[in-house]
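Chain letters run A, B, ... following the sequence lines, proteins first and then strands; every chain starts at 1.
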Amino acid sequence: DASDNIPGVPGVGEKTALKLLWEYGSVENVLENIDKISGKKLQENLRNNTDKALLSKKLATMLYDIPTEIDLDKMSYRRPDEKVFAGALDKYVLKSVARIWHEHHGIGEEERGIAQEEALKPWPLRELSTEEWLVQLAKWQADTTPLILTYGSTGGNPHWGKVTGWGMAAVGESFILNWTDADPEVRQAFIQLLEDPAVSKQVGDSKLLYSLLLNEEINLRGVALDISLAAYLINPTRNKFESLELVKEYIPGVGEFGNLAEEASALAQVADSYKETLEELGLSALLHEMEEPLSPILARMENQGIAVDVQRLKEFGQELTVELQRLEQEIYADAGETFNINSPQQLGHILFEKLGLPPMKKTKTGYSTDADTLEELRTQHPIVDKVLDYRQLSKLMSTYVNGLLAQIHEERVHTTFQQTVTATGRLSSTEPNLQNIPIRLELGRLLRKVFTPTQEGWVLLSADYSQIELRILAHYSQDQVLCESFSLNQDVHTRTASEVFGVPMEDVTKDMRRKAKAVNFGLIYGLTDFGLGRDLGVPRKEAKTYIEKYFHRYEGVKRYLEEIVVKAKEEAQVRTLLNRLRRIPELRHPNRVQRQFGERIAMNTPIQGTAADVMKLAMLGVAEALKPYRANLLLQVHDELVIEVAPEDVEEVAKVVRDEMENAFPLSVPLTIECKTGPNWYDMESYSFE
DNA sequence: GGCTTTTCGACTCG
DNA sequence: TCACGAGTCGAAAAGCC
């Protein structure tokens, strides 16, 4: 644990350490059995660092022989007053502690019974003939009990995969249906079942299933529970959502599944536990009314894809290549030798050893050569600027030209929106990531020209929330100045500068506004003088005075941030306006740095997470409102929606989009959007209403 | 020794 | 020693057969 200065053994990280301890039981035993351990390098490291290994263990071991005056007898455990204790557990929603306590002090046999039942018993697999399938499917069609569905697919990218088979579980029985060569009649009946909203289905990763089924033009309906999304809301920081992992949560020690039917019957046996936990945590509405309905919308967006002008992208790549080659030659000339500019190691050697530039800071493996460092060295040697340019171009070429080209299918790219990844409730985007297409620097921004509507003559419409996070902060804090600023629709950074620097708004200089803007951003992140100072390039002390001045003028914000941290510490969790939950174990971490990290999470998550909630609600509204029009939702970039629309519908679509976004969820300050339209994602012009 | 996986450092976005 | 939340790339290091 580097943050506690515990050295450990080089080359042994969490993975290797756990493996060794699992096998040998103790550090000492590992060291005695070095010969038996596979891996020559590993053996050598352990031999050469025996002392470090033992020291590390010593440092991390709790001491039990501290002299103390506490009377141990007085500390002996006595059974608590059941009523008081149960009341306390109830107050703090410590459901699982309550369960454990009841198990150990087992009053009723009922609790014991539940514990017994925790073992997984696979439901018998029924094999059906074609006729039997038709009967069974008709029965489910008429039934109201939920059907648990699992599915196998061709794998890989969901956008060109197919379902290969189904597993089902219901009322103590399980079934398998080979989809690839199913009888046509059975197929038809099953499709009808899938598309019937009245037949409730419980599944894992419904968005994947929506996607796969869209490939064969089947519209899945009636998803009554998505267990992956349920697990995500219960703990948004978990990272495994495979069925097996979801089952293990409530039935520990389960091995692997033999087939789709076993998977289905296992999921069936934990589905109710998930529902109960959701209910206990107050997350059911968020699941059923926000996340679950969002999945099919995201699947549609992914399936639709966004068109890419391949010719233009290739030309852009050729221009970059020319420029990269020129820079490369100049850099080699300045360095006096050729080397791999993309290697931080080799670059560090050239800059700090050969050319003798002063190293600013270090990474764990050598000299730091990041943009901040190089920025400092710009004036000292002409090579530095060229390296910065080279890096920028090289990123554009590798990730955005070559990376994007590799993802194109029939002139379009189809991202995958991840709905269970972020700790705050945001979406993320992968393969390709379309949420980080360059915009800040002009050269990179030009790339946006290649993103166009699929149909000739259509236009792109982009609508983004203006300052949504600061508006949410205003709503939470009810700070008088901040609320007023938004009610009057002022430029919030200028107003902040005016307050902090004590000048009228019209006298605010560009530099004052820039600093105020940094403070406003910092607030959302859980402001530190160190971070603000680094961001602004001013001494930490100066940053501190800005913060003090800010909090002097914005007392409501100050009070809110203090209160949310206090509350978060009491509960070890925070929630968004729509009740999304994030536990923050860091707040109870023994290490101070970790605890402070927890405090910043407590300040940031309700804001970032509420913004994510509002956007998700807006998407539900927008998707529904777009149905009568020739328009497709294409992308969500956190506070922006990108839509393609036929020219004759632009005016009305812009109106309904604005209406849905601005009224997605009422805050005590107005929410406003800015709308732009254009032939591609670069040439966008402000769209003015009326 | 050669191939694959993981980690690191750099860059991109809101 | 630090701003919050993400993803991808190429190089280097580590792991595996």
Side-chain angles (χ1 to χ4, degrees), chain A residues 2-3 10-16 19 38-42 45 236-237 340-348 361 363-374 387-388 390-404 406-407 415-418 421-441 444-445 447-448 464-465 467-469 518-519 521-536 540 543 547 582 591-594 596-597 599-609 611-612 615 636-640:
Chain A
S3 63
V12 179
E14 188 183 337
K15 291 260 154 63
T16 311
K19 201 185 93 193
S38 66
K40 208 178 149 198
K41 187 73 189 167
L42 180 57
N45 279 329
T237 55
N340 187 341
I341 309 168
N342 284 319
S343 160
Q345 198 181 69
Q346 294 181 38
L347 180 65
K361 54 181 176 180
T363 64
K364 60 182 75 168
T365 49
Y367 305 110
S368 170
T369 66
D370 63 15
D372 274 351
T373 309
L374 264 43
V387 170
L388 279 167
Y390 183 90
R391 284 251 183 85
Q392 191 195 334
L393 267 58
S394 168
K395 178 69 180 176
L396 291 176
M397 192 65 197
S398 63
T399 303
Y400 297 105
V401 176
N402 294 332
L404 211 53
Q407 302 275 355
T415 186
T416 302
F417 288 108
Q418 307 295 333
V421 165
T422 71
T424 56
R426 277 187 175 184
L427 301 176
S428 77
S429 156
T430 60
E431 286 184 297
N433 180 353
L434 295 181
Q435 290 182 324
N436 71 347
I437 301 301
I439 189 167
R440 292 174 190 168
L441 299 173
R445 188 177 194 147
L447 257 166
R448 294 187 168 222
D464 68 290
Y465 280 112
Q467 305 295 350
I468 187 170
E469 293 187 335
V519 173
F521 272 106
L523 284 167
I524 295 166
Y525 298 151
L527 200 59
T528 65
D529 49 11
F530 181 92
L532 181 64
R534 197 168 56 71
D535 191 47
L536 282 175
R540 179 185 181 135
I547 297 173
R582 177 175 183 183
N591 180 304
R592 188 174 58 92
V593 175
Q594 283 292 308
Q596 288 173 339
F597 179 49
E599 292 173 13
R600 294 195 295 273
I601 293 173
M603 294 187 256
N604 174 263
T605 295
I607 299 174
Q608 190 185 123
M615 178 52 112
Q636 186 251 48
V637 193
H638 310 306
D639 63 357
E640 175 188 13

| message | Is A:Gln346 close enough to C:dA12 that one of its side-chain N or O atoms is under 4.0 Å from OP1 or OP2 there? | response | yes
| Touch check for A:Glu431, heavy atoms < 4.0 angstrom, all strands: base, sugar-phosphate only, or nothing? | sugar-phosphate
| field | Presence of A:Thr430 side-chain N/O under 4.0 Å of C:dG7 phosphate oxygens OP1/OP2 | value | no
| query | Which angle, to the nearest 10 degrees, lies between the helix axes at the two ends of the helix from B:dG1-C:dC17 to B:dG14-C:dC4, each defined by five pairs? | reply | 10°
| What's the CG-P distance between A:Asn340 and B:dG9, to the nearest Å? | 16 Å
| Within less than 4.0 Å of OP1 or OP2 of B:dG9, is there a side-chain N or O belonging to A:Thr363? | yes
| What integer distance in Å separates A:Leu347:CG from C:dA12:P? | 11 Å
| field | Length of the CZ-C1' vector between A:Phe521 and C:dC2, whole Å | value | 18 Å
| said: Heavy atoms only, 4.0 Å cut-off, all strands: where does A:Ile439 land among base, sugar-phosphate and nothing? | reply: sugar-phosphate
| Among C:dG5, C:dA13, B:dC13, which nucleotide sits nearest the side chain of A:Arg448? | B:dC13
| request: May I ask you to say what A:Ala371 touches in the nucleic acid, namely base, sugar-phosphate or nothing, with a heavy-atom cut-off under 4.0 Å? | output: sugar-phosphate
| If we take the P atom in both B:dA10 and C:dC2, what is their distance in whole Å? | 16 Å
| query | A:Asn436 near the nucleic acid: base, sugar-phosphate alone, or nothing, with a heavy-atom cut-off under 4.0 Å? | reply | base
| Just to confirm, is there a sub-4.0 Å distance from OP1 or OP2 of B:dC11 to any side-chain nitrogen or oxygen of A:Arg391? | yes
| said: Measuring to OP1 and OP2 of C:dA13, would you say a side-chain N or O of A:Gln345 lies under 4.0 angstrom away? | reply: yes
| field | Nearest-Å distance once atom P is located in both B:dC11 and C:dT1 | value | 23 Å
| said: From the set B:dA10, C:dA3, C:dT8, return the single nucleotide nearest to any side-chain atom of A:Thr399. | reply: C:dT8
| field | Residue A:Arg540, side-chain heavy atoms: nucleotide from C:dC2, C:dT8, B:dC13 that is nearest | value | C:dC2
| request: Report the residues that fulfil ring pair (Phe, Tyr, Trp, His ring centres under 6.0 Å) with A:Tyr367, sequence neighbours left out, ordered by chain and then residue number. | output: A:Phe352
| query | Within the structure, does a side-chain N or O atom of A:Arg440 lie under 4.0 Å from either OP1 or OP2 of B:dT12? | reply | no
